There are 2 protein chains.
Amino acid sequence: MPRVGLNQQTVVREAARLADEVGFQQLTLAALASRLGVALPSLYKHVRGADALAQKLAVLATAELATEMTTAAVGRSGGDALRALADAYRDYALRHPGRYPATQRVPDPADPEHVEAGERAVGAIFAVLRGYGLTGDDAVDATRALRSALHGFVTLEAAGGFGLPRDIDRSYHQLVASMDISFRSWPRTGG
Amino acid sequence: MPRVGLNQQTVVREAARLADEVGFQQLTLAALASRLGVALPSLYKHVRGADALAQKLAVLATAELATEMTTAAVGRSGGDALRALADAYRDYALRHPGRYPATQRVPDPADPEHVEAGERAVGAIFAVLRGYGLTGDDAVDATRALRSALHGFVTLEAAGGFGLPRDIDRSYHQLVASMDISFRSWPRTGG
DNA sequence: CAACGTTGGCTAAGTGGCTTAGCTTTAAGG
DNA sequence: CCTTAAAGCTAAGCCACTTAGCCAACGTTG
């Protein structure tokens with residue numbers, strides 16, 4: 001029986017593709033194994049198990065998302081940077097419906113790559129907020145606010161939580177516009 | 001063998017309690033059955049299955065959340081109403097960590113109780129926004145924005161997504177304060 | 001109060017996930 | 001060519017959900 005020649009990277013990458021097709025919750029080791037042309041237990045030679053796979057997928061997706069946010073915002077500032085970052089965020093979530101939920105896993109301190117990806121993602125947001133003059137505690141609060149708004153929106157959208165016919169793109173742009181207003185007049189605490 | 005005397009309501013209620021203790025994802029028919037003093041398949045006399053239980057739990061939790069938001073906002077308006085509603089929202093999510101995720105299930109059109117609960121929840125938010133003079137498309141956009149912000153925040157908080165030491169209560173209050181500012185100067189579209 | 005039908009409980013059995021143990025064979029390197 | 005690490009395999013077990021079919025308790029009705 002000829003070897004397929006897998007390694008951790010190919011396994012995780014295929015898991016990402018599969019997750020985008022069938023959904024994060026429906027990503028199963030059985031489906032992944034059959035997709036890769038191996039028996040299910042063979043995956044354990046490359047990944048410690050289902051949970052470890054989810055964690056590695058989180059690293060991949062978080063790194064991708066961080067890169068896309070950073071790329072979108074680079075060379076811009078203020079509302080321009082905010083809009084670019086926000087669009088990149090939602091684009092990623094829509095283009096990668098299986099990977100996006102994986103990004104919500106809190107970084108594993110034992111995995112430097114994961115920690116680094118998480119820092120890059122938060123750092124991209126932080127950088128945009130610096131363009132509004134927000135630093136210290138204000139920047140922390142504002143980062144949390146922006147993450148909450150973006151994450152909440154794309155999550156509700158993906159879940160089909162927006163029932164009414166009103167155009168969703170428009171609602172998102174309004175949300176981002178309102179965050180722009182908020183950041184320009186952020187309730188300062190002098191952090 | 002004496003009967004335990006279950007019905008759908010007792011089953012769903014106990015499921016809610018159990019979910020709050022062990023988490024929504026860890027809510028299992030096996031655990032629920034043993035908690036109720038019954039063999040697992042007996043639950044099927046009261047609930048169609050695991051998915052149907054999740055749906056009934058969604059109805060319960062959505063109705064509770066809607067009631068708490070409505071109660072909090074009644075008799076208030078503007079920023080006052082907003083803060084009261086937002087606090088009620090997060091309080092519920094923190095007090096009921098197992099029920100809260102259930103509320104995210106999109107209402108089943110075939111279950112009038114579910115639809116009604118969902119409408120009451122959205123209606124509570126809508127009512128608060130009317131206090132800002134927001135109606136029509138503006139109100140739809142603003143509702144989506146507020147839901148996104150609140151849901152995103154409590155979800156990230158519950159997931160442990162806020163790593164930094166900065167006080168989380170404070171960040172939430174800042175978020176709500178910034179939404180207040182946004183709603184007062186909402187980017188109008190003339191809906 | 002007895003018979004009956006409904007219903008709420010049960011056991012047994014099947015499916016589909018994940019995981020571990022232990023074997024075989026490939027392929028790479030001396 | 002021989003050795004060995006690694007990559008695949010099968011077998012088997014666990015746990016979740018689900019269905020089928022049986023039996024006993026309870027309420028109703030004659």
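What you see is a predicted model, and the numbers here were worked out from it, not measured in a lab. Residue numbers begin at 1 in each chain, while the letters A, B, ... track the order of the sequences.
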- Figure out the CG/C1' separation between B/Leu43 and C/dG8, and round it to whole Å. 12 Å
- Under 4.0 angstrom, heavy atoms only, what part of the nucleic acid is A/Thr28 near: base, sugar-phosphate, or nothing? sugar-phosphate
- Query: Is a side-chain donor or acceptor of B/His114 paired with a backbone partner of B/Ala110 at a separation under 3.5 angstrom?
  - Reply: no
- Item | A/Tyr44 side chain, from C-beta outward: closest of C/dC18, C/dG9, D/dG8 | C/dC18
- Query: What integer distance in Å separates B/Leu32:CG from D/dA16:C1'?
  - Reply: 14 Å
- Message: Distance check needed: C/dC10 C1' versus B/Lys45 NZ, whole Å only.
- Response: 9 Å
- Atom CZ of A/Arg35: over 12 foreign heavy atoms under 6.0 Å: yes
- Between P of C/dC18 and CG of A/Asp51, the distance in whole Å: 12 Å
- Query: Are OP1 or OP2 of C/dG9 and a side-chain N or O of B/His46 less than 4.0 angstrom apart?
  - Reply: yes
- Note on the structure: B/Leu29 CG to C/dT15 P, in whole Å, measures 19 Å
- Is there side-chain contact between A/Arg166 and A/Ser171, with heavy atoms separated by less than 4.5 Å? yes
- Message: Between C1' on C/dT20 and CG on A/Leu40, what's the gap in Å once rounded to a whole number?
- Response: 12 Å
- Item | A/Arg3 (side chain) and D/dA6 (base): donor-acceptor pair under 3.5 Å | yes
- Task: Let me know the distance between CD of A/Gln25 and C1' of C/dG17, rounded to the nearest Å.
- Result: 13 Å
- Is the count of non-hydrogen atoms from other residues, nucleotides or ligands lying under 6.0 Å from B/Gln26 atom CD greater than 12? yes
- Rounded to the nearest Å, what distance is computed from the CG atom of residue A/Leu53 to the C1' atom of nucleotide C/dG17? 14 Å
- How are the rings of A/His151 and B/His151 set to each other: parallel, tilted or perpendicular (split at 30° and 60°)? parallel
- Message: As a test of reading the structure: which of D/dA16, D/dT10, C/dC10 is closest to the side chain of B/Ala30, going by heavy atoms?
- Response: D/dA16
- Counting only side-chain N and O atoms of B/Ser42, is one of them less than 4.0 Å from OP1 or OP2 of C/dG8? no
